[in-house]
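Read the structure below first, then the notes.
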Amino acid sequence: MSLKIYNTLTRKKENFSPITPSRITMYVCGPTVYNRVHIGNARPAVIFDVLYRILQTLYPRVDYARNITDIDDKIIMTSRRLNQDISEITERYSQLYIQDMDALHNLAPTFSPRATDHISEMLDIITDLVDSGYAYVADGHVLFSVASDSDYGQLSRRQSSELMAGARVNVASYKRNPQDFVLWKPSAPDDPGWPSRFGRGRPGWHIECSAMVKKHLGETIDIHGGGQDLLFPHHENENAQSRCTHNGRPLANYWMHNGFVNLDGEKMSKSLGNFRLVGDLLKVYPGEVLRYAILTAQYRFEQNFDYAILDAAKNSLNSLYRYLRAAENIEISVSIEVSSCRGVDALLDDLNTPLALSELHRIAKEMHSSCGTDQQILKAQLINLSGLMGLLQQQPEDWFQNDSGNLALTDDQIENAIVERKQAKLAGDYTTADIIRKRLEDDGVVLEDSRSTTTWRRR
RNA sequence: GGCGCGGUGGCAGAGUGGUUAUGCAGCGGACUGCAACUCCGUUAACGCCGGUUCGAUUCCGACCCGCGCCUCCA
């Protein structure tokens, strides 16, 4: 079975056909760094990380860029509010973003380009657009002229006439057309800015992605991803300006958009203020739990965030790691092809992660009740399939004992209590043994007796 | 107003024109000194109304409800 991707451009699920099989190119829109990211921001990072992993098994080289936008009016405002240097803010939140994404077990992208490192590339594109008549200068701004691009609206399927009706935005007087968007804007002396042929200024919102895509991945790339809310205007504009600088050739062949994470049925968003920060959640739940929870929903649909889904995710992972722990001594000598099994097929079918997750449970259960070569094969399948999703990659004991949210007792304290309890049990003093167990349980540590030993886990 | 998405058992969430996943939670039992874990069994669903069909949760049409984009946002 081959990889199928739902392409927003055609609104259809299509077979993935790369430009050059020897080098796959993928670009995903990352955050604007002026504060910490919430769980909704984490969704595309996790989803496209899974796609990145899958592509890596199918093709020899995958170049994946996930950008960081570090110049934006929101950042400037934050800088003024906190009375801190812009670079201080962008540096801090870039680091925190990378930290959070690492904690979710995302692989590092091939490139993590930053907008401010690409000002001259942006100006090259802008200059080209002006010189070829796709953009104009007005009142110190450089604007993209929507009317000059007959294909404008093809991605988001919006007609210019339709856009008028619900417009809530005040149209700047210097625009020839209300949909024209800013490529370059003038900076006041105390604003950050770069010299250019159009005067000292800074880039508009969409141009940074076009410049970074072109520089790191090329003119037309295979896959461009991001959240639903970026479809219009961000991706439409990105696509328009890029197409117009390369004779109509598209920016990307496949456009993918993930649905939102909702809170109480409403879109989680920074502007609404109804969000849960990844960093805060990580204090209570391991990153793998957040990851699993994100993957329980198919990426294109919205997902309601709730602590119940995190608790369920944690229990599900407990169950999988238990099976894995029971099979700890099973050697995987067989190498398993990453093909033709239900779980992999599910992933290849436009990233059906919920179905793939259910396969994980099926395989684990089957592994538990089989033996010999069958068991080895099933274990290999389990490791491989979960690896494609970035799950189950740690040692079971580490999973059970290194709970980030619960450090009431040290490992030594727990081990000592277990020894103490064992002695009580040997002496037939079950009352004391039960008191010890209860005491540990109150501190979130669960004991599991087997015939010979006692293992423990943090709840 | 334009464009778009969704409504499946207590919760999450796949899927299919007929045998109705999976996980979590619940219930009953086995196991256990008691538990935990594990195992066995089990309850329970397809928004509403029509149509097509031998048969629809699945196809078609209308309706109701929820959500999103059109302004910064993953």
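Just so it is clear: chains get the letters A, B, ... in the order the sequence lines come, proteins before strands, and each one is counted from 1.
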**Study point:** For atom CG of L272(A) and atom C1' of A74(B), their distance in whole Å
**Key:** 14 Å
Review point. Mind checking who U19(B) pairs with, Watson-Crick or G-U wobble, both distances under 3.5 Å?
Key: none
Check your understanding: C24(B), G33(B), C69(B): which one has an atom nearest the side-chain heavy atoms of D229(A)?
Key -> C69(B)
Practice item. Give one of base, sugar-phosphate or nothing for T296(A), where a contact means two heavy atoms less than 4.0 Å apart. Key: sugar-phosphate
Exercise for review: Check every strand shown and say whether G40(A) touches a base, only sugar-phosphate, or nothing at a heavy-atom separation below 4.0 Å.
Suggested key: base
Check your understanding: Would you say S369(A) reaches C39(B)'s phosphate, i.e. side-chain N/O to OP1/OP2 under 4.0 Å?
Key -> no
Review point. Expressed in whole Å, how much space separates the C1' atoms belonging to G61(B) and A56(B)?
Key: 15 Å
Practice item. Please state the C1' separation for the pair G66(B) and C48(B) - nearest whole angstrom. Key: 15 Å
Review point. Where each residue is assigned the nucleotide of RNA chain B containing its nearest heavy atom, which of G227(A) and Y299(A) is assigned the position nearer the 5′ end?
Key: Y299(A)
Revision key, fill the gap. N41(A) has its side chain closest, among G68(B), A74(B), G33(B), to A74(B)
Check your understanding: For the side chain of R158(A) and the base of C69(B), is some donor closer than 3.5 Å to an acceptor across the two?
Key -> yes
Exercise for review: For this output row, return yes or no: ring centroids of H257(A) and H224(A) closer than 6.0 angstrom.
Suggested key: no
Practice item. Kindly say whether, by distance alone, the side chain of D434(A) makes a donor-acceptor pair under 3.5 Å with the base of G33(B)? Key: yes
**Study point:** Presence of K267(A) side-chain N/O under 4.0 Å of C69(B) phosphate oxygens OP1/OP2
**Key:** yes
**Study point:** Side-chain donor/acceptor of S271(A) to base of C72(B), under 3.5 Å
**Key:** yes
**Study point:** Base paired to A14(B) (Watson-Crick or G-U; both N/O distances under 3.5 angstrom)
**Key:** none
Practice item. Kindly confirm or rule out a cation-pi arrangement of K270(A) over Y34(A), judged by NZ or CZ under 6.0 Å from the six-membered ring centre and within 45° of its axis? Key: yes
**Study point:** Nucleotide opposite C69(B) in a Watson-Crick or G-U pair, distances under 3.5 Å
**Key:** G2(B)
Exercise for review: Could you give the distance separating G10(B) and U43(B) at their P atoms, to the nearest angstrom?
Suggested key: 14 Å
**Study point:** Residue-phosphate contact under 4.0 Å: R322(A) side-chain N/O, U38(B) OP1/OP2
**Key:** yes
Exercise for review: Establish, yes or no, whether a centroid distance under 6.0 Å links the rings of Y299(A) and F301(A).
Suggested key: no
**Study point:** Side-chain ion pair, E91(A) and R114(A), N-O less than 4.0 Å
**Key:** yes
Check your understanding: Which is true for R421(A) with a 4.0 Å heavy-atom rule: it touches a base, it touches only sugar-phosphate, or it touches nothing?
Key -> base
Exercise for review: For A14(B) versus C59(B), give the span between their P atoms, rounded off to a whole number of Å.
Suggested key: 16 Å
Check your understanding: Heavy atoms under 4.0 Å, any strand shown: does H38(A) hit a base, just sugar-phosphate, or nothing?
Key -> base
**Study point:** Enclosure of K175(A) NZ (heavy-atom neighbours >12, cutoff 6.0 Å)
**Key:** yes
Check your understanding: Using a cut-off of 4.0 Å on non-hydrogen atoms, how would the nucleic acid contact of Q298(A) be classed: base, sugar-phosphate, or nothing?
Key -> sugar-phosphate
Exercise for review: Indicate, with a heavy-atom threshold strictly under 4.0 Å, whether V37(A) touches base, sugar-phosphate, or nothing.
Suggested key: nothing
Check your understanding: Looking across every strand, which nucleic acid part, if any, lies under 4.0 Å from L447(A) by heavy atom: base, sugar-phosphate, or nothing?
Key -> base
Check your understanding: Under a 4.5 Å cut-off applied to non-hydrogen side-chain atoms, are H368(A) and R322(A) in contact?
Key -> no
Exercise for review: Could you let me know what U38(B) is paired to, Watson-Crick or G-U wobble, both distances under 3.5 Å, or none if it's on its own?
Suggested key: A30(B)
Practice item. Would you mind telling me which of C67(B), A36(B), G23(B) lies closest to the side-chain atoms of E448(A)? Key: A36(B)
Check your understanding: A74(B) phosphate, OP1 or OP2: any side-chain N/O from K270(A) under 4.0 angstrom?
Key -> yes
Review point. Hey, is E448(A) close enough to R325(A) for a salt bridge, meaning N to O under 4.0 Å?
Key: yes
Check your understanding: Nearest to the side chain of S358(A), which nucleotide is it out of A14(B), A21(B), G33(B)?
Key -> A21(B)
Review point. Taking the same atom, P, in U32(B) and in A25(B), what whole-Å distance lies between them?
Key: 23 Å
Review point. Should R291(A) and L391(A) count as side-chain neighbours, where that means a heavy-atom distance under 4.5 Å?
Key: yes
Practice item. For nucleotides A12(B) and G6(B), find the distance between their C1' atoms and express it as a whole number of Å. Key: 15 Å
Review point. So, is N352(A) near the phosphate of G15(B), with a side-chain N or O under 4.0 Å from OP1 or OP2?
Key: yes
Practice item. Report the distance from atom CE of M367(A) to atom CD1 of I377(A), rounding to the nearest 0.5 Å. Key: 13.5 Å
Exercise for review: Answer with base, sugar-phosphate or nothing: what part of the nucleic acid does S316(A) contact at a heavy-atom distance below 4.0 Å?
Suggested key: sugar-phosphate
Check your understanding: What about R43(A): does its side chain form a donor-acceptor pair under 3.5 Å with the base of A74(B)?
Key -> no
Review point. F301(A) has a side chain; which of C5(B), C24(B), C67(B) sits nearest to it?
Key: C5(B)
**Study point:** Nearest-Å distance once atom P is located in both A45(B) and U8(B)
**Key:** 14 Å
Exercise for review: Scan K365(A) against the nucleic acid and name what it touches under 4.0 Å (heavy atoms): base, sugar-phosphate only, or nothing.
Suggested key: sugar-phosphate
Review point. Counting only distance, no hydrogens or angles, is the base of C72(B) paired donor-acceptor with the side chain of K74(A) under 3.5 Å?
Key: yes
Review point. RNA chain B: N258(A) or S450(A), which has the more 5' nearest nucleotide?
Key: S450(A)
Point to revise | Nucleic acid contacts - residues 2-16 of chain A versus RNA chain B, non-hydrogen atoms under 4.0 Å | key: R11(A)
**Study point:** Out of A35(B), C24(B), A74(B), whichever nucleotide has its closest atom nearest the side chain of S319(A)
**Key:** C24(B)
Point to revise | Gap in Å between the two P atoms, one belonging to G23(B) and one to C40(B), rounded | key: 11 Å
Review point. Can you tell me if the side-chain N/O atoms of N315(A) get under 4.0 Å from OP1 or OP2 in C24(B)?
Key: no
Exercise for review: May I ask you to say what G30(A) touches in the nucleic acid, namely base, sugar-phosphate or nothing, with a heavy-atom cut-off under 4.0 Å?
Suggested key: sugar-phosphate
Revision key, fill the gap. Side-chain atoms of L355(A) come closest, of A74(B), A21(B), G33(B), to A21(B)
Review point. For the pair made of CZ in R276(A) and P in A74(B), what is the distance, rounded to whole Å?
Key: 18 Å
**Study point:** Nucleotide of A74(B), C24(B), U38(B) approaching Y323(A) most closely (side-chain heavy atoms)
**Key:** U38(B)
Revision key, fill the gap. Using Watson-Crick geometry (N1-N3 plus N6-O4 or O6-N4) or G-U wobble (N1-O2, O6-N3), each under 3.5 Å, C49(B) is paired with G61(B)
Point to revise | N or O in side chain of Y307(A) less than 4.0 angstrom from C24(B) OP1/OP2 | key: no
Exercise for review: Take the protein atom CG of N262(A) and the nucleotide atom P of G13(B), then report the distance between them rounded to whole Å.
Suggested key: 10 Å
Check your understanding: After noting the C-alpha distance and the side-chain angles of L378(A) and S370(A), does the key distance pass the side chain to side chain contact (heavy atoms under 4.5 Å, CB included) rule?
Key -> CA-CA 9 Å; L378(A) 287 162; S370(A) 53; 3.4 Å; yes
Exercise for review: Using a heavy-atom cut-off of under 4.0 Å over every strand shown, decide if R457(A) touches base, sugar-phosphate, or nothing.
Suggested key: sugar-phosphate
Review point. Does a side-chain N-to-carboxylate-O contact under 4.0 Å join D442(A) and K438(A)?
Key: yes
Review point. Can you find a heavy atom in the side chain of L107(A) that is under 4.5 Å from one in the side chain of R53(A)?
Key: yes
